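The block underneath contains the structure these notes are about, expressed in structure tokens.
Quick caveat: nothing in here was measured; it's all calculated off a predicted structure. Each ligand, and each atom within it, is numbered from 1 in the order the structure gives.
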Amino acid sequence: MATFSLKRFIAILFARADAIFNWSFGQSLNPLVCLGALGWFFFWIVAASGIYLYLFFDTGVTDAYASVEYMTNDQWYAAGVMRSLHRYASDALVLVVLIHMLREFSLDRMRGKRFFSWITGIAALGLVYACGITGYWLVWDKLAQMIAISTAEWLDALPFFGEPIANNFLNSATLSGRFFTLMVFMHIFAPLFMLLLMWIHIQRHSQAKVNPPKPLIFGTSAMLLALSLLYPATSQGPADLDVVPTDVGLDWFYLAGYPLLNVIPGGQLWLFALAVFVLLALLPWMPPTKPVEPAVVSLDNCNGCARCFDDCPFSAITMAPRSDGMPYSAEAVVNLDNCVSCGICVGACPTATPFRRANAIVPGIELPDHSIFDLRNRSLAAASQIEGDARVLVYACEKSAAEALSSANVTVVTVPCVGMLPPAFIDFALSRDLSDGVMLAGCAKEACHYRLGNTWTQQRIDGERDPYLRKRVPRERLALSWLPNKHKQRQRALDEFVATLRELPPMDKRRRSERE
Ligand code: HEM
Ligand code: SF4
Ligand code: SF4
């Protein structure tokens, strides 16, 4: 319950922030819908600037500080700017990743079988911090000294190390370059592992967004550059192990946890960190999800067209060589581990049409718990309940809470995702006079619970993606409502639609019978 209400609260905050960003920049340039892609972009800036810095960096503990000072002061126009870009892009990276994590949590896009991106994301986040902290260490200034000592003391609270690591940092005489060299290695190899993890992170996504739109690339780059020129990254005076560093400035994006080390004993802090980690790792199963049957292919009805493969947002379909002797080159195969039962593949399949004879309605692919046959029957039953002069059949995604829209002249038929609805159903409802209008109610654009359901639906209706909504369908009798879970706004959109339908001339009976 607690996670649910927290989720709802964060989701409402995001919906509000989305509204502001959409209004200011336009929907596709809303940075909140490209957080993962921005993460990738900032990673590339950090990697490129890091490679440049490495050319001038002295990896020995005695000369590291001087080499960083040289870059910052003597070569401020090149290596200095690169240092600042490296720092600010790292800050931006951790910021967008934390917001990305919160957003995915609030949209519930990590539940059950979707745990994969969540768990790999947590590992990637750990590496983001490992990279950032070791990076601050390499400057070997007073801040690095504070980090080195605090980290060593914290590690010493674990019962694994014989010789206390903190002994390395007792004074200048005991300082060994050993640990420093280890940090240099970690700072170089951790980003490589991170890149690998970032790649693994999106392996259960098709068409993952890893590049932000160009205006966002230019805008964020300009901001980072301006920040680098106005407030160049600097060091905090050379480390001196004979003097305890005081008043060091912290980078709160990476080092916010360090003050805790002064107030909480190391052992208790390990327990706290472990508890946070376990809680985060268990979130996809809190509470456990109800098992839903994955999509099933009916080879008798599959012609191997690969539209389901193109549209599945979760890389759950592969096209395999034909196994049943039918004269087609391929057949669809569902990967049961990846399939999240969204039904978007069903909406893509050309054989999923209500116009077929009722006893022949078995498409090439479908969800056993939400068959097309059942959807047709539910549409017919729902239509038989609506009355009045502007009857509306609403097809709503289960996440949209649109059931509340039902009234005398409106009935709602739910589907797991609007992307599951083959466009032929809209044609069917209007041409068979099941209703005077059809409304599709789904998640807000770019915030689709199943990633691409509303995008594909919009493209199918606009004739940009197979299967198209046929041209003969009167578009003025179709309303699309892509909204966050906001009942009032949805109701208003529906009322406006009903009012428009009332203004339209009655459906042409002759054309209607021609359609039939
Ligand atoms: C280096 C850090 C990270 C990067 C670069 C990154 C990037 C991405 C990208 C590009 C996507 C696909 C977006 C789309 O096309 O729909 C994604 C999805 C996702 N990420 Fe991350 N991510 C990172 C860290 C995290 C973290 C820390 C978490 C949470 C612990 C997380 C959880 C998720 C989830 C749950 C999804 C959606 C999975 C789904 O739709 O089934 N990510 N991420
Ligand atoms: S139900 Fe969704 S996840 Fe499963 S195969 Fe179809 S499109 Fe992919
Ligand atoms: S969309 Fe339908 S017909 Fe085409 S490959 Fe997939 S299951 Fe087969």
Side-chain angles (χ1 to χ4, degrees), residues 33-44 93-94 96-105 107-128 131 191 194-195 197-199 201-202 204-212 280-281 283-284 292-299 301-319 328 330-336 338-352 363-367 370 416-417 419-420 422 446-453 456 466-467:
V33 302
C34 318
L35 291 163
L38 281 171
W40 272 83
F41 175 59
F42 292 135
F43 173 85
W44 292 126
L93 171 64
V94 81
V96 293
V97 168
L98 288 175
I99 304 176
H100 165 64
M101 180 175 171
L102 269 183
R103 186 175 175 93
E104 298 303 321
F105 167 73
L107 292 175
D108 230 13
R109 295 204 277 213
M110 29 53 101
R111 305 272 286 133
K113 285 187 188 168
R114 290 169 84 175
F115 75 92
F116 184 81
S117 298
W118 183 258
I119 299 294
T120 51
I122 294 176
L125 183 63
L127 281 177
V128 171
C131 294
M194 192 165 118
L195 183 59
L197 258 175
M198 281 160 53
W199 177 78
H201 184 62
I202 48 170
R204 287 199 178 180
H205 283 55
S206 51
Q207 317 201 25
K209 247 203 238 169
V210 290
N211 293 315
L280 277 180
L283 276 181
V292 190
E293 290 290 321
V296 175
V297 175
S298 154
L299 277 189
N301 295 283
C302 170
N303 61 23
C305 69
R307 287 182 194 166
C308 54
F309 166 80
D310 290 339
D311 280 10
C312 172
F314 300 98
S315 295
I317 295 179
T318 40
M319 298 308 296
Y328 304 116
E331 66 187 39
V333 177
V334 177
N335 177 340
L336 304 185
N338 287 21
C339 176
V340 303
S341 312
C342 61
I344 293 173
C345 50
V346 183
C349 184
T351 61
I365 191 161
E366 74 175 340
L367 294 180
H370 302 273
C417 171
M420 181 190 159
E446 311 281 356
C448 173
H449 178 71
Y450 290 114
R451 296 186 61 235
L452 299 169
W456 292 166
D466 277 327

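The shortest separation from a heavy atom of F43 to ligand 1 is not under 4.0 Å, leaving the residue out of contact.
Annotation for ligand 3: atoms under 4.0 Å from non-hydrogen atoms of M319 are 5 (S). Listed by number with element, the atoms of ligand 1 under 4.0 Å from a non-hydrogen atom of L125 are 27 (C). The contact set between ligand 1 and I122, taken as ligand atoms under 4.0 Å from a residue heavy atom, comprises 30 (C).
Among protein heavy atoms, the minimum distance from atom 9 (C) of ligand 1 is reached at I202 CG2, 3.6 Å. Nearest protein heavy-atom neighbour of atom 37 (C) of ligand 1: E104 OE1, 3.2 Å. At the shortest separation from atom 40 (O) of ligand 1 among protein heavy atoms lies R114 NH2, 2.9 Å. The nearest protein atom to atom 27 (C) of ligand 1, hydrogens excluded, is given as G121 O, 3.0 Å; this is a heavy-atom distance. Atom 16 (O) of ligand 1 has as its closest protein heavy atom R451 NE, 2.9 Å. Atom 1 (C) of ligand 1 has as its closest protein heavy atom M198 CG, 3.6 Å. Of all protein heavy atoms, the one lying nearest to atom 2 (C) of ligand 1 is V97 CG2, 3.4 Å. In terms of protein heavy-atom proximity, atom 10 (C) of ligand 1 is nearest to K209 O, 3.2 Å.
Listed by chain and residue number, the protein N/O/S atoms under 2.8 Å of atom 4 (Fe) of ligand 3 are C305 SG, with waters left out.
Of all protein N, O or S atoms, those under 2.8 Å from atom 2 (Fe) of ligand 2 number 1.
For ligand 1, one of its N or O atoms has an N or O atom of H201 under 3.5 Å away. No N or O atom of W40 sits closer than 3.5 Å to an N or O atom of ligand 1. The shortest N or O to N or O distance between H100 and ligand 1 is below 3.5 Å. Ligand 1 has a nitrogen or oxygen under 3.5 angstrom from a nitrogen or oxygen of H205.
Checked against salt bridge (charged side-chain N to carboxylate O under 4.0 Å, His left out), D108 has the following partners two or more places apart in sequence or in another chain: K7, R111. Taking N338 as the reference, R204 meet the side-chain hydrogen bond (donor to acceptor under 3.5 Å, both in side chains) condition, with sequence neighbours excluded.
Scanning both residues, H449 and L107, for their nearest heavy atoms gives ND1-O, 3.0 Å. Listed here is the closest heavy atom pair of M319 and A332: CE-N, 3.7 Å.
Between H100 and H201, the angle of the ring planes goes over 60°, which puts this pair in the perpendicular group of the 30/60° scheme.
Contact annotation for F314 and ligand 1: only side-chain heavy atoms (C-beta onward) come within less than 4.0 Å of the ligand. The proximity of I317 to ligand 2, defined as any non-hydrogen pair under 4.0 Å, is limited to the side chain.
R451 is not listed as a side-chain neighbour of K209, based on a closest heavy-atom distance of 4.5 Å or more.
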